[in-house]
Amino acid sequence: MKLTLPQSRNNEIQKVRVLIVAPSLQIRGGQAVQAQHLVRHLSDEPSVEVSFLPHNPRLPGPLSFLQSIKYVRTIVTSLLYYLMLVLRIPQYDVIHIFSASYFSFLLAPAPAVLIAKWFGKKTVLNYRSGEAEDHLRTWPRTSIPILEMADELVVPSEYLVNTFKKFGLEAKAIANVIDFERFRFSERQPLQPRFLSNRNLYPLYNIACILRAFRIIQEKFPEATLKIAGDGQQREYLKDLARDLGLRNVDFLGSVAPEEMSKLYDEAHIFLNSPNIDNLPGSILDSFASGVPVLTTCAGGIPYIVTHERTGLLVPRNDAEAMAASAIKLLESPELSTRIVRNAHRACELYSWSAVRWKWLNLYRQLTKQTVKADAQLDKLHQPSYLL
């Protein structure tokens, strides 16, 4: 197949200039992690020139103290962010904007879309929140008009594609990317009662359900351990709950850097996930890549990536008894846990860079009227450095 990349006068590939606008890793969460994956992979593409602009830029030198003052921090960070948008957006062809919901949508993605349109730039609004339906229903005047301004609305799951359809919005699904270089696949044989939770400590993730399930698990497996990686407004409440439930061997690790998470996955034998609202949790995909069987509630988009008793176990939301029973079932059913782990690892192919790269490259080129067709020879130059 002949490559159709446009050529410059010097017979070099004419690059599409892409600016990724997203939270930096100072804000621990899936958006920041996925943005960094995308920047890193696109940096290796000969047809793209990529750069990054954080939602949360840091003030230089002696002014940085202002970002430690409550309320002042939000004002000065936002002003600096808006200034950087005005200065940098004119230098790029496509502005790729990561988005959450509610107030953060107004604070970061909305200004980026408006300023990009002001400069006549093409925009990709990469909406990633599992709270999309409630956001659009309760904040329609400030959400839907901005979403409609974007040249392309991209989401990480078919779940959000279907959610946006309810509001007359057309979205494309491009999956998250697993960083296979950070995770080492291994099967746990025999499976031990070593549990891991890797979600921030906010009400929608319902870590309390995990603690209540763990109490039941410890009645049968007194030696069971639980590590909770993440931080948030419920930290003290959850620590008090763990004490009130009489739990042993529970470690609240606080916020853990992405590059340090691989060790926790190596040590874990079962991943517990109990959200009431969710989209496509990267922590589930990380578990798939690590060989850790997944036990999760069926919230939001999770059933789109986890098939019950095939790639994981699904339980109803906020049902600690069902979660505990499924955890015990996994521990007592070696054949089930082995089947789940192997199927989940095969499913990782859907989330490799090689599976999604042409979706991003073609999207950028189509926005700039320069379509790229997949070419086997070019693909050989950019084979992923991992094997599934």
Donor-acceptor pair between [X] and [Y] side chains, under 3.5 angstrom:
| X | Y | result |
| --- | --- | --- |
| N343 | R346 | yes |
| N318 | N206 | yes |
| D231 | S255 | no |

Does the side chain of [Y] come within less than 4.5 Å of [X]'s, by heavy atoms?
| X | Y | answer |
| --- | --- | --- |
| D134 | Y102 | yes |
| L114 | Y82 | no |
| E267 | R194 | no |
| L169 | L136 | yes |

Requested in this report: May I ask you to check whether F288 and Y351 place their ring centres under 6.0 Å from each other?
Outcome: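 No, too far apart.
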Query raised in the report: Are the aromatic ring centres of F98 and H96 under 6.0 angstrom apart?
Result: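 Ring-ring flag for F98/H96: true, centres closer than 6.0 Å.
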Salt bridge (Lys or Arg N to Asp or Glu O under 4.0 Å) contacts touching [range] (sequence neighbours left out):
| range | result |
| --- | --- |
| residues 272-289 | R199-D278 |
| residues 94-103 | none |
| residues 319-333 | K220-E332, E309-K329 |
| residues 155-174 | E133-K166, E152-K172 |

Query - Check ion pair R339-E335 (N to O, under 4.0 angstrom) - result: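 Answer for the salt bridge query: no.
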Query raised in the report: Salt-bridged, D151 to K117, with N to O below 4.0 Å?
Result: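 Yes, this pair counts.
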Query raised in the report: Honestly curious: do L83 and I95 fall in one hydrophobic cluster under the side-chain, below-4.5 Å linking rule?
Result: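 No, no single cluster joins them.
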Query raised in the report: How are the rings of W360 and Y364 set to each other: parallel, tilted or perpendicular (split at 30° and 60°)?
Result: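 The rings of W360 and Y364 lie parallel, inter-plane angle below 30°.
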Requested in this report: Assign the ring pair H41 / W353 to parallel, tilted or perpendicular, where the plane angle (0 to 90°) is split at 30° and 60°.
Outcome: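 Correct class here is parallel.
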Requested in this report: Identify, with sequence neighbours excluded, every residue that meets salt bridge (charged side-chain N to carboxylate O under 4.0 Å, His left out) alongside R243.
Outcome: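 Expected list: D240.
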Requested in this report: For N126 and V154, indicate whether the former's side chain and the latter's backbone hold a donor-acceptor pair under 3.5 Å.
Outcome: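 Checked: pair present.
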Requested in this report: Please name all residues satisfying ring pair (Phe, Tyr, Trp, His ring centres under 6.0 Å) with Y265, sequence neighbours left out, ordered by chain then number.
Outcome: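 Y265 satisfies ring pair (Phe, Tyr, Trp, His ring centres under 6.0 Å) with F183 only.
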